[in-house]
2 protein chains.
Amino acid sequence: MVDMANNDEVRPHRGRATGADAAWAPVTRSSTYELVIDAIEDQIMTGALVVGDLLPPERELASRLRVSRAGVREAIRVLEAYGVLRSEVGSGRGAGTFVSALPSAALEQFLRLHVALSNFRLEEVIEARILLERTSASLAAERVDAAALAELERLLAVMDAPDVSREAFNDADTAFHVAIARAGGNALFSDMTGAIRASLRAPILEAFTKVATWEDIAGTLREQHHGIFRAIADGRADEAAELTATHIRAASDMLPDLSTD
Amino acid sequence: MVDMANNDEVRPHRGRATGADAAWAPVTRSSTYELVIDAIEDQIMTGALVVGDLLPPERELASRLRVSRAGVREAIRVLEAYGVLRSEVGSGRGAGTFVSALPSAALEQFLRLHVALSNFRLEEVIEARILLERTSASLAAERVDAAALAELERLLAVMDAPDVSREAFNDADTAFHVAIARAGGNALFSDMTGAIRASLRAPILEAFTKVATWEDIAGTLREQHHGIFRAIADGRADEAAELTATHIRAASDMLPDLSTD
DNA sequence: TCCATCATGTGGTCAGACCACAGCGCGGTC
DNA sequence: GACCGCGCTGTGGTCTGACCACATGATGGA
């Protein structure tokens with residue numbers, strides 16, 4: 001494997017050596033697909049591959065890297081899972097594997113799985129949610145434009161509908177918060193906001209369905225949403241942030257089953 | 001594809017119907033490996049699979065799901081990339097594929113790639129860093145224990161060494177901030193702090209090497225680190241948060257190349 | 001009793017084949 | 001000449017079956 005003529009080198013990738021005792025780090029013998037990932041990643045890190053670029057066909061990549069097509073495909077799957085690559089079948093124009101830019105779906109899947117595995121506690125996730133969204137709300141109050149406000153109003157209307165289902169309410173609720181985050185202008189914030197909401201979707205829906213005082217809760221949430229909207233529309237940044245934090249805390253408290261999992 | 005006798009079923013997976021106009025959502029025909037992921041994910045979501053559990057052998061899983069082993073392996077790769085699964089070769093005890101819990105490495109890889117692809121701007125990432133770390137510092141000031149303080153002091157000593165290399169300094173710097181985040185007690189925060197630092201490692205190191213006034217910069221950073229440490233050790237939460245925010249902003253400003261990429 | 005050896009079961013890798021799909025170009029038809 | 005249909009081609013998608021590398025644990029001899 002070392003004499004693989006194509007990969008530049010098996011660079012030690014040692015990295016950190018915070019002290020003399022940190023030397024003799026365990027050797028890591030990479031598997032085939034990891035080497036393929038490294039090869040593609042190098043191209044990305046050096047800027048040789050940018051969003052939109054097409055990769056060589058799987059068969060060619062395999063023969064160039066001297067690995068099987070299966071190894072190449074496993075590497076592509078991983079980078080696809082990160083939202084970095086995308087594959088399309090067919091021929092000509094749109095076909096092939098190319099560099100993509102879809103971090104949000106990957107983040108959602110990632111967080112959803114780890115929340116389900118309890119690798120992150122719900123309180124932690126909610127704490128992160130408050131942190132992100134109060135900042136986003138504040139930013140949104142300063143930067144929001146007419147189109148975003150219209151979208152927010154549309155979502156408020158969906159939630160205000162008297163016959164709205166709990167599921168539809170939750171989806172509009174999610175979209176409302178994500179839209180605010182997007183209006184804040186920070187893509188990382190809005191993607192993480194979406195991912196956090198996606199990771200909480202199942203427990204929230206469960207709590208929504210079980211709760212007896214649904215109409216009361218929905219009423220409170222509606223009021224708070226309208227308050228947040230007005231603060232953002234009027235450009236009152238600090239108030240938008242505070243209302244958002246209060247709103248999220250209230251929502252979490254009203255759904256006690258949320259924390260019992 | 002429809003008449004493929006092997007897949008159990010192409011269940012619609014429709015799901016949300018927020019309104020009448022949301023009907024007729026595009027059909028999504030999943031690929032084999034996605035179906036395998038869904039199958040494993042279902043087990044995780046329902047709690048049938050928890051951290052530490054062993055999956056059936058690849059060959060058995062393939063025959064049970066009526067797919068090829070390659071398809072199973074691609075699915076396992078993806079979940080491995082998310083830090084949800086891990087595979088070990090061999091036989092008996094430690095061998096096989098089992099449910100894991102290593103979100104941090106996955107988060108690092110993810111963010112590093114997307115920052116390299118400029119899907120997230122550096123300012124966004126730094127904004128997120130400030131948000132997370134100021135909160136972590138505040139939490140750490142309230143909850144820190146002796147062991148964590150000792151570790152922080154050790155890292156300070158590494159950075160204080162007069163002959164420390166710029167790379168070693170940066171690695172200790174990273175470890176210092178991650179240790180604070182960990183002391184804060186929120187795993188999501190500390191994992192994200194680590195991921196953000198990892199995603200910035202290359203640009204930071206580049207800036208470190210190019211900068212002429214290294215000793216001045218290092219001196220400032222050392223001072224600020226000691227200040228943050230004292231505030232945390234003394235339990236002054238607000239001050240720790242403020243100093244951290246100031247520190248990060250200062251570090252970003254001192255490295256102007258950071259924003260030019 | 002201990003140690004070397006082999007059998008077994010696991011993931012890791014490979015080669016080769018075929019399928020499904022989408023574009024492109026050729027050729028026939030109007 | 002313009003249009004349509006059909007097959008050719010190259011792409012990813014999938015499957016099969018084989019073999020390798022590795023760690024364990026059982027087996028059997030010293």
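So that the names make sense, note that chain A is the first sequence line, chain B the second, and so on, each numbered from 1. Every value quoted in this text rests on a predicted model; they were computed, and no experiment measured them.
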Legend entry - Side-chain heavy-atom pair B/V50, B/D53 within 4.5 angstrom cut-off: yes

Rounded to the nearest Å, what distance is computed from the [atom1] atom of residue [X] to the [atom2] atom of nucleotide [N]?
| X | N | atom1 | atom2 | value |
| --- | --- | --- | --- | --- |
| B/E88 | C/dG12 | CD | C1' | 13 Å |
| A/L54 | D/dG10 | CG | C1' | 12 Å |
| B/L61 | C/dT10 | CG | P | 12 Å |
| A/E74 | D/dG13 | CD | P | 14 Å |
| B/I76 | C/dT13 | CD1 | P | 13 Å |
| A/R66 | C/dT13 | CZ | P | 17 Å |
| B/F98 | C/dG11 | CZ | P | 11 Å |
| A/Y33 | C/dG12 | OH | P | 8 Å |

Legend entry - Under 3.5 Å: donor-acceptor pair, side chain of B/R86, backbone of B/F98: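 Judged by distance alone, no pair lies under 3.5 Å.
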
Inset, instruction - Examine the base of D/dG12 for any acceptor or donor lying under 3.5 Å from a partner atom in the side chain of A/R59, and report the outcome as yes or no. - result: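 Counting by modelled atom types and ignoring angles, a donor-acceptor contact under 3.5 Å is found here.
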
Inset, instruction - Using a heavy-atom cut-off of under 4.0 Å over every strand shown, decide if A/G96 touches base, sugar-phosphate, or nothing. - result: sugar-phosphate

Inset, instruction - Please work out if A/R86 contacts a base, only the sugar-phosphate, or nothing of the nucleic acid, heavy-atom cut-off 4.0 Å. - result: nothing

Is [X] close enough to [N] that one of its side-chain N or O atoms is under 4.0 Å from OP1 or OP2 there?
| X | N | answer |
| --- | --- | --- |
| B/R77 | C/dG12 | yes |
| B/T97 | C/dG11 | yes |
| B/T32 | D/dT14 | yes |

[X] has a side chain; which of [options] sits nearest to it?
| X | options | value |
| --- | --- | --- |
| A/V67 | D/dT11, C/dC14, D/dT14 | C/dC14 |
| A/E58 | C/dG12, D/dG13, C/dA15 | D/dG13 |
| A/V89 | C/dG12, C/dT8, D/dG13 | D/dG13 |
| B/S91 | D/dA23, C/dT10, D/dT14 | D/dA23 |

Legend entry - Toward the 5' end of DNA chain C, by each residue's nearest nucleotide, A/R93 or A/R69: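 Nearer the 5' end of the strand: A/R69.
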
Legend entry - Test: A/R77 cationic atom under 6.0 Å from B/Y33 six-membered ring centre, within 45° of axis: yes

Legend entry - Donor-acceptor side-chain pairing of B/R112 and B/S199 below 3.5 angstrom: no

Inset, instruction - Determine, for A/R201 against A/E167, whether the closest basic-nitrogen to carboxylate-oxygen distance falls under 4.0 angstrom. - result: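 A salt bridge links A/R201 with A/E167.
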
